[in-house]
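From a predicted model like this one, the values you see are computed outputs, not experimental measurements.
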Amino acid sequence: MIKAEIKDKELLSHLDSLEADKLRIFTMAEGRVRGAIFHGSRFVNQMRAQHNLGILETYILGQASLCGALSIPMMKDLEHTTIRFEGNGPEKGYSVEADSTGYVRSFLYDEHIPVLKPLENWDLNPFLGAGNLTFSRVHKDDKYPQSSTVEVDGSNIANDFATYFAQSEQLNTAFNSSIQFDKQGRVTGAGAMFLQVMPKTGGTAKLGEQVDSRDQDTEEDEKLLKKVENAFKACPSLGLLYSEKQVDSEDIVIGLFREFKPDIILERDIIYDCPCNEDYYLNYLRTLPKDQIEDIKKNGPDPLEIVCRNCGSVYHIPVDKI
């Protein structure tokens with residue numbers, strides 16, 4: 001990827017004052033609940049710079065990319081996940097790719113969304129519309145991806161992701177994502193979090209009984225999970241929290257879930273990046289039919305301009321390199 005330069009000095013100064021972008025994985029409630037929180041202020045700003053997006057476009061693709069990043073701690077071994085939304089709204093959809101090595105890339109199907117009147121709220125249904133959300137996963141030795149699709153309403157991307165996990169993965173999962181803009185339209189803070197209730201495991205209640213322990217949720221257990229759910233719903237805007245210089249991820253997790261004794265077990269870097277490079281496109285051009293290559297050499301253009309749809313990188317390849 002050709003990394004786009006962020007030239008806004010005031011924005012850069014603000015970002016330098018914030019906690020580093022990190023994804024932190026945690027467990028709580030004696031292992032019944034796992035989760036992750038991702039500070040992605042620089043991540044979203046880099047995404048915006050790569051695709052040169054406006055405010056609404058940044059909000060949509062930023063939300064999808066933040067939620068896509070949260071899929072990384074759910075991956076098993078080496079895995080690559082492509083998340084696609086296709087809707088009936090004017091935006092049409094988005095694509096997000098997340099890799100277990102720690103990078104995310106993404107794009108909107110249409111990077112210029114028509115806005116006919118001032119926005120009254122952040123309901124995205126008028127732009128995305130109802131549609132299908134598809135997760136396609138490829139592990140290291142898979143020949144073909146494993147895909148699953150659910151219908152979502154496109155109003156709230158975090159809720160759409162939660163719907164997918166509830167219906168397709170049969171896992172009770174909650175997502176929260178947020179992007180904070182200042183009065184000039186700069187992204188001053190961005191973050192996302194998920195919680196996932198882990199199923200009970202074990203044998204039967206008594207030797208010889210044919211009742212699985214997963215069907216034996218006690219009243220106390222239900223009360224516990226309800227309290228966790230209420231704590232999650234009480235989370236303020238993560239984008240706003242991360243835009244404030246004195247707030248960090250550990251403070252947020254402990255502040256929200258103190259009574260459930262959260263334990264941050266792992267930190268890792270997540271970056272907005274793409275494995276594209278000039279050699280990749282040059283090798284592709286060399287596979288073109290000979291008559292097409294000769295036509296390019298004769299009639300140009302020279303250099304060829306190739307734009308990576310996934311990250312917005314622009315490559316200028318001299319014809320004599322083909």
Got more than 12 heavy atoms from elsewhere within 6.0 Å of [atom1], [X]?
X	atom1	answer
Gln184	CD	yes
Tyr109	OH	yes
Asp77	CG	no
His112	NE2	no
Gln292	CD	yes
Arg84	CZ	no
Glu151	CD	no

Under 6.0 Å between ring centres, would you say that holds for [X] and [Y]?
X	Y	value
Phe194	Phe38	no
Tyr164	Phe135	yes
Phe165	Phe175	yes

Practice problem: To the nearest 0.5 angstrom, please state how far the OG1 atom of Thr58 sits from the CD atom of Gln63. | Solution: 11.0 Å

Quiz item: Can you say whether the rings of Phe181 and Trp122 are parallel (under 30°), tilted (30 to 60°) or perpendicular (over 60°)?
Solution: parallel

Quiz item: Would you say the side chain of Val138 lies within less than 4.5 Å of the side chain of Glu79, judging by non-hydrogen atoms?
Solution: no

Quiz item: Should Tyr284 and Ile306 count as side-chain neighbours, where that means a heavy-atom distance under 4.5 Å?
Solution: no

Nearest heavy atoms of [X] and [Y], plus distance in Å:
X	Y	answer
Ile72	Ile270	CD1-CD1, 3.7 Å
Asn125	Ala130	ND2-N, 3.8 Å
Cys274	Asn310	SG-CB, 4.2 Å
Leu133	Asp160	CD2-O, 3.6 Å
His39	Ser249	CB-OG, 4.1 Å
Leu23	Ala69	CD1-O, 3.8 Å

Quiz prompt | Any side-chain donor near an acceptor of the partner, Thr82 and Ser136, under 3.5 Å | solution = no

Practice problem: Say whether Ser106 and Tyr272, considering side chains only, have a donor N or O and an acceptor N or O under 3.5 Å apart. | Solution: yes

So that I can tick it off, tell me whether [Y] and [X] are bridged by a salt bridge, with the cut-off set at under 4.0 angstrom between side-chain N and carboxylate O.
X	Y	value
Glu250	Arg258	no
Glu97	Arg105	yes
Glu111	Arg48	no
Glu294	Lys298	no
Glu278	Lys321	yes
Asp8	Arg186	yes

Exercise. State which residue, out of Cys67, Ser237, Cys235, fulfils the side chain to side chain contact (heavy atoms under 4.5 Å, CB included) condition with Asn176.
Key: Cys235

Practice problem: Go through the steps for Ile83 and Thr134 under the test side-chain contact (heavy atoms from CB on, under 4.5 Å), then give the verdict. | Solution: CA-CA 6 Å; Ile83 304 160; Thr134 301; over 6 Å; no

